[in-house]
Q: 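The following block contains the structure, expressed as structure tokens.
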Amino acid sequence: MKSIFSLLLLLLLAFSGYHLTFRRWKLPVFARHFYLTGTEFLFLGIFLGEGFTGILDSPTLDQLAPVEALVLGLIGLFFGMQLDNRKLARLAPGLRLSSYLTGLVSFCAVAAGGALVLPFILPSAAPLSQGVVLGACACCSSQVGLALARRQALSRQSSLVNLLRTVSSLDGVISLLCYGALFFLPGAITAGSKIAWPGLLSLAGALAGLLLLFLLLIRTGLSYSELTAVFLGVTVFLSGISLLSGFSPLVASFFLGLLLGNTGAHKERLFRLLAPVEKPLYLVLLVLLGARFSPGSWAVLAAAAACFSLRFAGKLSAGALVHFLFPSLRGATPALGLGLIGQGSLGLALLLDFAAGFPGDAAMQTVSVALVMVLLNELAAPEALAFLFRDKPELHTGEDAR
Amino acid sequence: MNGPRNSRAAFRAPALLFVLALLTLFALWLESLPVQGDWARAGYLNYSAGLTLLFAFALSRLIKPLGLPYITGYLFAGMLAGPYVMQILEPDLVRRLHIVDDLALGIIGLAAGASISWKEMRRLGRSVMLTSILQIGFIFLLLFSFTFFLSFLFSSFAGLSPKEHLALCLVISLLCSAQSPSSAIAVIDECNASGSFTDTVLGVTVMVDIIVICLFPLILSAAHGISAPTGARNGPDFFILLPELGFSLLLGALAGIMLNALMRKTKTDFALFILCFAFGVYKTSDWLGGWSEEQFGILMHPDPLLICMSAGFTVRNLEKTSTVFHDAVHRFSLPVYLLFFSLAGASLRLDALALMWPMAGILCLLRATGLFMGGTMAGMLSNTSKEIRRISFLAHLSKAGVSIGLAQLAARSLPAVGTLITTLVLAVIAVNQVIGPVALKWVLNRAGETEGREET
């Protein structure tokens, strides 16, 4: 009964959040940023979780596992479908490369640094997997800061804004690939649920089969409601296969989304179908993730501070490297990394996937560290972005969000 | 101009057959997968749900050229995936997926309420009430006469004492009168049917269930009094029933007013909230029932279907936002219906049917006769056309949800005949649920209320 009420609560929050969040309200400067980015839902999750009210405790979260898998599947599909090869091919090669490079450098900085530093701070059982997950999460950056800025100001810096937008759209690919690789790293996973090669082959076969199935059904001429049913069926089905194969529903759905987004002319219809549920999905994700936060000890805060510093350094180095390697790239400045501090929500989806797939102390610890890191990022991001655009004071998100 | 459409239509059947074959392969593959741990168990649930959903979808579209309604395809898909054939949906899994039932019934209730116009009901009220009462009366009379006087023909009744036999006959006769608003609404929705006949069918289907729910405690207390040695009666249930119905309608009306106000505020993307509402009503009713019993010793369980219907009716008749509401209700209705009716198919007791088919067959025939007599007489009294009078009984053959729920309650109250009641009712449901939707679609077409209006 509790799990059912929890699900109900989640749906209600998602609905209310969808209509309340991401709007340009006149709120105090500090509060405004949290409310506009949806971070308050992370706090709400923490409040509902085991550490506080206990409404979303561990048994309840276990019972909500199918819902979690569905949410992750939809997020993965949506992200994959956005990567249209034809659109990507229109981007300058330097722009694409710099996006992937930025993600990779941030990943390496946090993953390597985390794997080396974390064992000294936390009594960690799996530094390698923790490092990979934190690195993959750190790799994602967000466009929310840009979305909240005034259009006039953005138009004056359009090259830089375009570059930031492209980087923050594409760095998620590196993040998902690195996270997917975790499932094949020997000894990286502690819970004994490492994917086996037969499982992977089955999954690949299933992906191909599902794609074929979807395309066949699409070709029969579906109405809007039929498309909804088929799409939901395929997503639920794929998340089930992934879970049964011991693989991530997020990554598996990402690949299916990638295939779907690049085959057939039905993409626009699918986007129209998914667009209204995207924001509610992310809000549910934030609440579910927040509920998995375990305050633990001061060591968690120390580890989060270390990861935040590593990410900050990684983003700055990545920006500088892009400027150095692609000097002709329009908009590239040595301080480019300052515009990428905001945390991308795909990284949070990946954290939930990890927490659900590998239950145990190490995963809980990783999620807690990552969540504090995310909050630090969210605090630092507006200031960093403002600093990047310091010669354009009207872009300061704190002042111009309205 | 028609080229792409025709090529699509030509492509449809082979493509759907191929999809079904692919899904069957997936189902066979499922057998080889180990299911260990919470993560894998969640995966198994999602896998089965997704597979059933896609299977039901493909099968229902494949049989459409035969003139069968989609709901028949969903039911057959459920039967195939269920515990008696492919065993993908095992009983435990069906139980875990029953969360979908609540959601679906909530949406069905909202859709049913939203399809009833107050003006139309005022016009059709007399005819609806008359048909409902006459149908229940004739079915009860025919079934009771048969089960009471001719049951010696069947060995299943052999071991019962006369009192137990009488109790069984009373309960079975009433339970077989119930109909299935969910099936009716799904078929009406699918055919996009509208008109006086459709409104009457919907009104009668709902009204019959309301009357059966009201009569049930009376009959059950009588049956209990007859069969129990002490003659104890279930008095409190009856006295709580009317306030319970009134409370449900009132709650629904209040919820409808709130929904309407909310829609005016938010205007778009209301579908998610509708899902939440439909689901919440069911769970809150369950909780309220448990809470009232625990606190006051009275099982005050507001009927969630009535709440949703009343809410849908209120929103529809407040008019201004009805299009937004209609769109929101129908946005997710197809996947929910697909799963709901597939699960209903998987829950059909084919073993019960195999065991009781001669008796169940006769009960179904008598039920159809009762529906025909009731419909014809009501039609004569309300001056309906001869053609409609002759065929209208076919629109009411479906039966499901309410009968199952009440049969389970009766089985708990009358343990001596409980197994017989559930087995017989489930067998009758199995037959009617397969025939009912097909018959309803045919009648709606015949009445000319679906012509050229079906969803493409």
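In what follows, chains are A, B, ... by sequence order, proteins preceding strands, each numbered from 1.
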Q: Taking all non-hydrogen atoms of both residues into account, name the closest pair between A:Val230 and B:Phe57 and its distance.
A: CG2-CE2, 3.6 Å

Q: Would you mind telling me which of B:Leu23, B:Leu339, B:Leu334 has the largest number of heavy-atom pairs within less than 4.5 Å of chain A?
A: B:Leu334

Q: To the closest 0.5 Å, what do you measure between CG (A:Leu243) and OH (B:Tyr47)?
A: 12.5 Å

Q: Of all the heavy-atom pairs spanning B:Leu338 and A:Ala229, show the shortest one and how long it is.
A: CD1-CB, 3.6 Å

Q: Indicate yes or no: at least one non-hydrogen side-chain atom of B:Leu53 is less than 4.5 angstrom from one of A:Phe237.
A: no

Q: Can you name the nearest heavy-atom pair linking B:Asn46 to A:Val236, along with the distance?
A: O-CG1, 3.1 Å

Q: Mark yes when over 12 heavy atoms from residues, nucleotides or ligands other than B:Phe26 sit less than 6.0 Å from its CZ; otherwise mark no.
A: yes

